[in-house]
Amino acid sequence: MKIFSDEQVYEGDKFTAQKQQITSIELMERAGIQIFNWLHLRMQGAQVPIHVFCGIGNNGGNGLVVARHLVNHGYNVHTYVVNFSDKRTKGFLVNYDLMKQTQKKWPTLIGPKDDFPKIGPDDIILDAVFGVGLNRPADDWVVHLFQHFKASKAFVLSVDIPSGLKTNAAPVKDTDVVWANHTLSFQSPKLVFFLEDTAKFTAQWEVLDVGIDPEYLQKTNTLTTLITKQDILPVYKPRKPFSHKGTYGHALLIGGSYGKIGAVQLASRATLVSGAGLVTAFVPKCGYLPLQSSVPELMLITDTNDTCISNIAIPIEPTVIGIGVGMGTSEETASAFTDFLNQNTKPLVIDADGLNLLAKTPALMEKLPKYSVLTPHAKELERLIGKWSNDFDKLDKAINLSEKYNIILVLKGRFTLIVYKKNLYINATGNPGLATGGTGDVLTGIITGLMAQQYEPLEAAIFGVYLHGKSADIAVQDFGYEAMTASRVISYLPKAFLDLFVKPEPPKTANKQDDKTTKK
Ligand SMILES: NC(=O)C1=CN([C@@H]2O[C@H](COP(=O)(O)OP(=O)(O)OC[C@H]3O[C@@H](n4cnc5c(N)ncnc54)[C@H](O)[C@@H]3O)[C@@H](O)[C@H]2O)[C@H](O)CC1
Ligand SMILES: [K+]
């Protein structure tokens, strides 16, 4: 799913108005009616007080459209204009007049000196104060109004985006923004719904199709994409009947150290279960017995050192190398890693201590083959790019690193973000059950396994993160969060693959006769 920038949203409006020969007012009406329908479907005429707070821009215009339809359908509506500027957009003014005609009175103007209306905890607030046009922090008195919303404990439904939240920057203070229970976003979600610093401002969100012209949606490329099954399916490579294990590549995993051989076991199993034809692991001698006995499909090469990797000598020609899981950062391993990078030409997936060793010797970044996939969690990322002030600063730093070395970064988190230069792919599969040791090793194995099968590195990163999270989403139904383990993520991978081909359930029609009754 494409995530459009603010500029693209405005462009889309204009394009749609021209192509469909409609006015922006009609577009605003269309958007407002979608919001009214959402409310009407759920409220069914209930006389719960609805407080509609409208800014003086088009977001406010949307709010006035909704207020008018609510009044016309007999709802208990109180409409306010939050008068934070003397400017008025045309869309606002047209709907302001329509509201007057409908209610025979102007909506209540709220200014810096006015008392705020009383709002009960069981009331509903429609937040149409600011939309994507917010271009500076809201005035203090408006911020106090937002705090008044929160203090009321009423249900807050935000139009397009919680007011006070910009689409491309973190707020200065958490109190500067409306805390929404639900946000109805026009045409596409916003990046801020997925970032740790800003996702909290809307407990839930959904996208409303406001009828932006399909041609515009189709032809407009976006830098940011929310990964859905529809984006993944075209990436999937169906297997040909006349294929053999060589067709699916030979993955090599390098890692492990005394007491952390399990990381290599997890990564190797994940590489196998994600479809690699052959998998070899290069480990210290202490890994030989446990791995040969626990993963019969795995071939092994051992280091001369018993407990850690000291000299990476690879007598095979792997398709792809996954390096770093459980590897440790001892002196010997650090020098072996440096020597390895100095002579390696194979595509790389680098994780865990491989990332920590890169952070210790930044000059090694120059040695990475292009399109190398790095999979840092937050701490490992900080070692690579330094501290960040907020998620947008983090993204800027990550984009710079990706552009500088032409590499792919998998920023693991609640919503894992895959960064390739200025392109950002948001993964929405996964759940807190993944917050357990070894799941990162599994992800490394999956991405390595996909690259062994000729998935391009960026595709493998996106597809691998999707599968990893989807597997956990299916497994959580059997294990819950607490009992989720990295091994269970591996064992549910097959279901994640098969789920790709499950057709979504058609919506059940309410009056569908039960088959048995019609058979009599
Ligand atoms: N296709 C769509 O997505 C559609 C979206 N619509 C709605 O339009 C808004 C964007 O409207 P816009 O008027 O550009 O911005 P706002 O409503 O957010 O208006 C804010 C308004 O006030 C000025 N302003 C910004 N920040 C401040 C501030 N801190 N203090 C004072 N004034 C401020 C700014 O100049 C704006 O003019 C979008 O979110 C949707 O809700 C279309 O209506 C339908 C299609
Ligand atoms: K809003």
Side-chain angles (χ1 to χ4, degrees), residues 168-170 191-192 194-200 223-225 227 255 263 267 322-329 334 337 341 348-430 432 434-448 457-458 460-462 464-466 468-469 486:
N168 53 11
L191 171 59
V192 283
F194 304 97
L195 301 179
E196 196 169 346
D197 291 350
T198 50
K200 62 193 163 198
L223 286 174
T224 307
T225 306
I227 298 301
I323 185 165
V325 293
M327 195 164 74
T329 53
F337 183 65
L341 286 183
L348 288 184
V349 180
I350 308 176
D351 185 26
D353 289 321
L355 299 172
N356 294 329
L357 289 172
L358 284 175
K360 275 187 174 169
T361 322
L364 291 174
M365 292 297 287
E366 302 288 347
K367 306 287 181 193
L368 300 182
K370 60 183 180 180
Y371 315 126
S372 290
V373 178
L374 279 59
T375 60
H377 57 50
K379 202 73 208 127
E380 291 158 347
L381 181 66
E382 187 183 313
R383 292 186 196 113
L384 280 171
I385 63 173
K387 287 193 178 313
W388 53 82
S389 49
N390 60 50
D391 283 332
F392 286 92
D393 181 34
K394 172 173 87 170
L395 279 177
D396 287 345
K397 290 181 162 73
I399 289 167
N400 292 341
L401 192 74
S402 172
E403 286 182 322
K404 184 173 179 184
Y405 297 108
N406 195 4
I407 54 176
I408 294 149
L409 292 171
V410 175
L411 311 183
K412 294 186 285 196
R414 163 59 194 102
F415 294 106
T416 291
L417 304 175
I418 293 112
V419 177
Y420 179 56
K421 298 192 174 176
K422 288 196 170 34
N423 297 288
L424 190 53
Y425 303 88
I426 301 165
N427 181 67
T429 63
L434 282 167
T436 177
T439 51
D441 305 322
V442 171
L443 177 62
T444 298
I446 295 171
I447 296 172
T448 305
L458 181 57
I462 293 168
V465 168
Y466 175 88
H468 182 256

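More than 12 non-hydrogen atoms from other residues, nucleotides or ligands lie less than 6.0 angstrom from CD of E403. More than 12 heavy atoms of other residues, nucleotides or ligands shown are found within 6.0 angstrom of NZ on K200.
Minimum interatomic distance between A170 and T198 (heavy atoms only, all atoms of both residues): CA-CG2, 4.3 Å. Nearest heavy-atom pair, V419 versus S402, reported as atom, atom and distance to 0.1 Å: O-OG, 4.0 Å. Here the shortest heavy-atom pairing between L458 and I408 reads N-CD1, 3.5 Å. Residues A352 and V325 approach most closely at CB-CA, 4.2 Å, considering heavy atoms.
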The test is salt bridge (Lys or Arg N to Asp or Glu O under 4.0 Å); show your working for K412 and D351 and say whether it passes.
CA-CA 11 Å; K412 294 186 285 196; D351 185 26; 3.6 Å; yes

Using the rule given for side-chain contact (heavy atoms from CB on, under 4.5 Å), can you reason through R383 versus L355, listing the C-alpha separation, both sets of side-chain angles and the distance that settles it, and then say yes or no?
CA-CA 8 Å; R383 292 186 196 113; L355 299 172; over 6 Å; no

What do the steps show when you test N390 against D393 for side chain to side chain donor-acceptor pair (under 3.5 Å), and what is the final call?
CA-CA 5 Å; N390 60 50; D393 181 34; over 6 Å; no

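A donor-acceptor pair under 3.5 Å links the side-chain atoms of T416 to the main chain of G413, judged by distance alone. A donor-acceptor pair is defined here as one N or O able to donate and one able to accept, closer than 3.5 Å; such a pair exists between the side chain of E380 and the backbone of H377. With hydrogens and angles disregarded, no donor-acceptor distance shorter than 3.5 Å links the side chain of T439 to the backbone of A435. Side chain of D391 to main chain of D197: a donor-acceptor pair is present (N/O by atom type, distance under 3.5 Å, no hydrogens or angles).
Under 4.0 Å is where a charged nitrogen must lie from a carboxylate oxygen, and between K394 and E382 no such pair does.
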